[in-house]
Amino acid sequence: MLLVVAYSTAARGTLRNICRTHEEVVVRRFGRVALLAETEFAAFQALRLREKHGGDVQVERTRPFNEYEAVGESIRQAAAAYEDRERPALPYATFAAGSDYPDPGSMRDTDL
């Protein structure tokens, strides 16, 4: 998919118009951000937007997040256990302390 971010008011207006006019290329829209299908026509629209507004538009290529491919089992289990905790206000660092769950410091330093 193509992630298109419009930073200026004018660029947001043009992005909004592109999304309304060419709904078939829009996967999702979030105000100043849109995910476009990975087609040549969508790329044309994104490049057109960037050509018109220059640095006020950012275009990135993305790929869907597959948690089973990108994240280890211990991280998925920790997320599930933390969301199932008895005390909702308990910070994760406290929850993980003294357990087999990964500590937040090591997770922050580890790339996916």
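A continuous path of ILVMFWY side-chain contacts below 4.5 Å connects Y101 to L112, so both sit in one hydrophobic cluster. V26 and V33 sit in two unconnected hydrophobic clusters of ILVMFWY residues. Membership requires side-chain heavy atoms under 4.5 Å apart, directly or through other members. In this structure, V59 is a member of the same hydrophobic cluster as F41, with clusters built from ILVMFWY side-chain heavy atoms closer than 4.5 Å. Under the 4.5 Å side-chain heavy-atom criterion for ILVMFWY residues, no single connected hydrophobic cluster contains both I75 and Y68. No single ILVMFWY cluster, assembled from side-chain heavy atoms under 4.5 Å apart, contains both L47 and L3.
Contact check for L49 versus L15: side-chain heavy atoms found under the 4.5 Å cut-off.
Shown here are the side-chain contact (heavy atoms from CB on, under 4.5 Å) partners of Y82, two or more places apart in sequence or in another chain: R85, Y92, F95. Residues forming a side chain to side chain donor-acceptor pair (under 3.5 Å) with R28 (at least two apart in sequence, or on another chain): none.
For D100, the CG atom is loosely surrounded, since the number of other residues' heavy atoms within 6.0 Å does not exceed 12. Around CD of E69, the count of heavy atoms belonging to other residues, nucleotides or ligands within 6.0 Å does not exceed 12. Crowding of F65 atom CZ: a count of heavy atoms from other residues, nucleotides or ligands under 6.0 Å exceeding 12.
Judged by distance alone, the side chains of S8 and H53 never bring a donor and an acceptor atom under 3.5 Å apart.
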**Asked** L36 and V27: side chain to side chain contact (heavy atoms under 4.5 Å, CB included), yes or no, with the steps?
**Response** CA-CA 5 Å; L36 304 181; V27 176; 5.8 Å; no

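Between Q45 atom CD and L2 atom CG the span is 11.5 Å, to the nearest 0.5 Å. Atom CZ in R61 sits 11.5 Å away from atom CE in M1 (nearest 0.5 Å). A distance of 5.5 Å separates CG in L35 from OG1 in T62, rounded to the nearest 0.5 Å.
In terms of modelled atom types and a separation under 3.5 Å, the side chain of T110 and the main chain of M107 share no donor-acceptor contact. Side-chain atoms of R12 come within 3.5 Å of backbone atoms of Y7 as a donor-acceptor pair (strictly under, hydrogens ignored).
Contact detail for D56 and A11: the closest heavy-atom pair is O-CB, 4.0 Å. Considering all non-hydrogen atoms of both residues, P102 and A78 come closest at CD-CB, 3.8 Å. Of all non-hydrogen atoms in E23 and R20, the two that sit nearest each other are CG-O, 3.6 Å.
Taking 4.0 Å as the cut-off between side-chain N and carboxylate O, R76 and E73 count as a salt-bridged pair.
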